[in-house]
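The structure displayed is predicted, hence computed values, not measured ones.
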Amino acid sequence: MKDSLVLLGRVPAHPDSRCWFLAWNPAGTLLASCGGDRRIRIWGTEGDSWICKSVLSEGHQRTVRKVAWSPCGNYLASASFDATTCIWKKNQDDFECVTTLEGHENEVKSVAWAPSGNLLATCSRDKSVWVWEVDEEDEYECVSVLNSHTQDVKHVVWHPSQELLASASYDDTVKLYREEEDDWVCCATLEGHESTVWSLAFDPSGQRLASCSDDRTVRIWRQYLPDNEQGVACSGSDPSWKCICTLSGFHSRTIYDIAWCQLTGALATACGDDAIRVFQEDPNSDPQQPTFSLTAHLHQAHSQDVNCVAWNPKEPGLLASCSDDGEVAFWKYQRPEGL
Amino acid sequence: MAGSQDIFDSIVMADERFHGEGYREGYEEGSSLGVMEGRQHGTLHGAKIGSEIGCYQGFAFAWKCLLHSCTTEKDSRKMKVLESLIGMIQKFPYDDPTYDKLHEDLDKIRGKFKQALFCLCRSLTRCHTETGLGTDERSGWFGGSPRGWDVVARSRLTVTSTS
């Protein structure tokens, strides 16, 4: 298990500060990092090493908490504690801030692009989730303001193929939203975690959702459509979500991030105990009651809390991680023999 | 025999009898005081909600009038949001405090108002409070973020610039 996650390199991405989040561009050639130093850095390879290709420094007045690439790879959205979300347009190696979205009352915690590229979602400590629509002229309209959560909303993520949005909150729940008659509504609430839900990740098919929490567990939820074979009750035409697996006893502190590799199905977690773990579904496990095994556990992956893990979308096994220590690390994961 | 039983009863049971009478009197007085207190509380709370929704309704009607003659696609989208807000406000059950979705509907109205505010007042400038970024008040614009009121005030002033 020691050799299944190998360090490829480290870079001091946000010196004297925290590195909060990482995002690979859709082509897998660039990695965006953001941090407490209010900057966003774009990293690319030059031979065997990772170098900083651009620094986006004039966008925000406070910590940049998350960044997200548009599906076309030409835009980068950044969510900041200064209550704004910036949209940056890529022009070769330069990035220009083309719009600043305001509206949230306080710190914006997350931003995510829908797979169509036409919709954007943001969430904030003000307990709301906003859905934005982009038109052909790069103008952003607020399509909905959702006040379903009762506490700080930590993360938003879109389904890989449908216009379904998921959010995670300090109120211990995960909520799902979809468009219904020109307005967005909360169509499901997933309860089960005993503390703040920090992050979410859909599996490659979009049928399952993984959530990680301050309660030190990972939960896997499965979508059941009305009239499903398993007899899971649904209300009306809305699908139901049921928790089909809980991974507990593996993490000794809060799990801050989870990433589901779209190529290999491997599940990576970022933990407050400075470690990175990788889980894989056991072959032949029952789809309605899957079992996952720990296939990699790297202690001291960083010298402080690991805040984010991100799988490269094109290169199987390439994982990036970042930490409160301000560093970004690159890893090669290989599924161990016999597991 | 019956006579002696009555005499002892009134002495022996005196304690319990007075206890019971006292309890009943206290209960009645407490109930009527409770009803008065409850009514006061309800009046205040109801007024707060009414005032908040009244403000949103006034805002929506005013902008609806202002946009009445505008016919661009963007303006028709704004109208749609305003009409949706007005519809939600009109459907809100003002005379049923026991309505089980009261707070859920109120949150939806607040969300729709924020969406309308964003659509109409694109160029709003945020005014940060000296202490930092807003408060955690559930009610948001009311009794919460002072910045919220600045924004609403500015939107009343910028009547001509609707894009």
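- Salt-bridge check for B/Glu83 with B/Lys64: passed, with a basic side-chain N closer than 4.0 Å to an acidic carboxylate O.
- Ranked by heavy-atom pairs under 4.5 Å with chain B, the list A/Leu146, A/Val185, A/Asp183 is led by A/Asp183.
- Residue A/Trp132 touches chain B through its side chain alone, counting heavy-atom pairs closer than 4.5 Å.
- Contact record, A/His60 with A/Ser80: ND1-CB, 3.1 Å, taken as the closest heavy-atom pair.
- In terms of heavy-atom pairs under 4.5 Å with chain B, the best-connected choice from A/Val143, A/Val145, A/Asp135 is A/Val145.
- Ion pairing between B/Lys114 and A/Glu105 holds under the 4.0 Å rule for side-chain N and carboxylate O.
- Nearest heavy atoms, A/Leu209 versus A/Leu176: CD2-CD2, 4.4 Å.
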